[in-house]
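Below is one structure, written out as C-alpha cells, with a few remarks after it.
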Number of protein chains: 2
Amino acid sequence: MINNTSPLDRMFQALADGHRRQMIDRLAAGPLTVSDLALPMGISLPAVMQHLSVLEACGLVQSHKQGRVRTCALTADALAQAEAWISARRMMVEARLTRLEQFLATDKEDGA
Amino acid sequence: MINNTSPLDRMFQALADGHRRQMIDRLAAGPLTVSDLALPMGISLPAVMQHLSVLEACGLVQSHKQGRVRTCALTADALAQAEAWISARRMMVEARLTRLEQFLATDKEDGA
DNA sequence: TGATTACTTAAGGGAATGATTAACAATACC
DNA sequence: GGTATTGTTAATCATTCCCTTAAGTAATCA
C-alpha cells in the first residue's frame, strides 16, 4: 500500500506487539521512567526506546525529560479513539445479528 | 520477540492495515463474497485473499464456500475482545486521572 | 574533575508483511 | 464438451519490523 500510516494504522500497529502492550499495562497503573519501564522486559534499553517512540508517535504515551530522567505516562484519549473505532463496528454487527434473530423468530412463529 | 503470535497480537495486527479495516467496514454492513469484497479495493484478488486469511486467522471474519462462491461475514466476539482489552486500560487511566484531579481540587481547597 | 547513571543514536541483520504476476483448480453456463 | 467465472496456490520482491551491539551525550555524584 502507498503511505499506510494513517493514525489508526499507527495506533493498532502499536497495540500489535506484546512488549508494547506490556508497557501500556504497566503505565496504566501510573507514570514510569524509561529505566523502570525497561526493568522487567527482558530486552535491551534501545529496544524499549524504540517501542516507546512507537507509542509516542501514535499518541498513546506522552513523556517529558527532567534532568537525565524521562518519565512516561499513558494517554486516555488515544486509547479511546481506537476503542471507538472497534466499538462502532462491533455494534453494527451485533445490531444486524439481533435483527436477524428477530426475523428468524418471527418467521418461526409464522411458520408454526 | 520469540513467538509473538498471541491472539491479541494477531488481532491488533489485523486491524493495523487500512485495506483490512476497509474490508471490516464493508462487512459490518453485511456478508459479502470475495469478489464483491475485492471490487472497490484497487488491489489484486490474491492480495484480498491474503488479507482475508489474516482476518480469519484472528477470528474477526468467518467464511464458507458454496459452489465456487465464498461468502465472508464479520464476527462480533473477536471485535469485542480487542475492544475489552483497550477499554480496561483506558478506564484505569481515566480513573487515575480523575483521582488526581480530585486530589488537586482538595489540595487547592486546603491551601486556600 | 572524573566516574557513574540514564538515556540516545547509529548501524545492521533476520524475519515478517503486503503486494505482484503466473498458473492452477473447481464450478456454472451455453 | 467447451468456456467463462470465481477463487486459490506458488513464487517472488521491496519494504517494514524488532532486535542487537557499539558508541555517544548529558546530568548527577564523590
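Numbers restart at 1 for each chain; the letters A, B, ... are given by sequence-line order, proteins then strands.
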Rounded distance (Å) that lies between atom C1' of D:dA26 and atom CZ of A:Arg70:
12 Å
Mark yes or no for a side-chain to base donor-acceptor pair under 3.5 Å between A:Gln50 and D:dC19, with no hydrogen or angle criteria applied.
yes
Integer-rounded Å distance: D:dC18 C1' and A:Leu55 CG
13 Å
Taking atom types as modelled and ignoring hydrogens, do the side chains of A:Glu56 and A:Ser63 form a donor-acceptor contact shorter than 3.5 angstrom?
yes
With the side chain of A:Met49 defined as its heavy atoms from C-beta on, choose the nearest nucleotide among C:dT8, C:dG18, C:dT21.
C:dT8
For A:Met41, all residues meeting side chain to side chain contact (heavy atoms under 4.5 Å, CB included), sequence neighbours excluded
A:His19, A:Gln22, A:Met23, A:Ile43, A:Val48
Residue mapping more 5' on DNA chain D - nearest nucleotide basis, A:Leu45 or B:Thr33
B:Thr33
Please report the distance, rounded to the nearest Å, between CG in A:Leu52 and P in C:dA6.
16 Å
Taking CZ from A:Arg20 and P from D:dC17, how many angstroms apart are they, rounded to a whole number?
9 Å
Which nucleotide in the set D:dT21, D:dC17, D:dC19 lies at the smallest distance from any side-chain heavy atom of A:Ser44?
D:dT21
Value in whole Å for how far the P atom of D:dC17 lies from CG of A:Asp17:
11 Å
Minimal heavy-atom distance between A:Thr5 and A:Asp9, with the atoms involved, is N-OD2, 3.7 Å
Interatomic distance where CD belongs to A:Glu56 and C1' belongs to C:dT8 [whole Å]:
13 Å
Between B:Ile43 (CD1) and D:dC13 (P), how many Å, whole number?
21 Å
Under the rule for side chain to side chain contact (heavy atoms under 4.5 Å, CB included), what residues qualify as partners of A:Ser53, not counting sequence neighbours?
none
Nearest-nucleotide pick for B:Val34, side chain only, options being D:dT8, C:dT20, D:dC19
D:dT8
Ranking D:dT6, C:dA19, D:dC19 by distance to the side chain of B:Val69, first place goes to D:dT6
Once each nucleotide of nucleotides 22-30 of chain C is scored for protein heavy atoms under 4.0 Å, what B/S/- sequence comes out, 5' to 3'?
B----BS--
What integer distance in Å separates A:Phe12:CZ from D:dC17:P?
16 Å
Among B:Leu15, B:Leu52, B:Val54, find the one that has a side chain to side chain contact (heavy atoms under 4.5 Å, CB included) with B:Arg20.
B:Val54
I need the minimum non-hydrogen distance between B:Leu74 and B:Ile24, along with the two atoms involved.
CD2-O, 3.6 Å
Could you tell me whether the phosphate oxygens of D:dC19, OP1 or OP2, come under 4.0 Å of any side-chain nitrogen or oxygen in A:His19?
yes
On the 0 to 90° scale, with breaks at 30° and 60°, tag the B:Trp85-B:Phe12 ring pair as parallel, tilted or perpendicular.
perpendicular
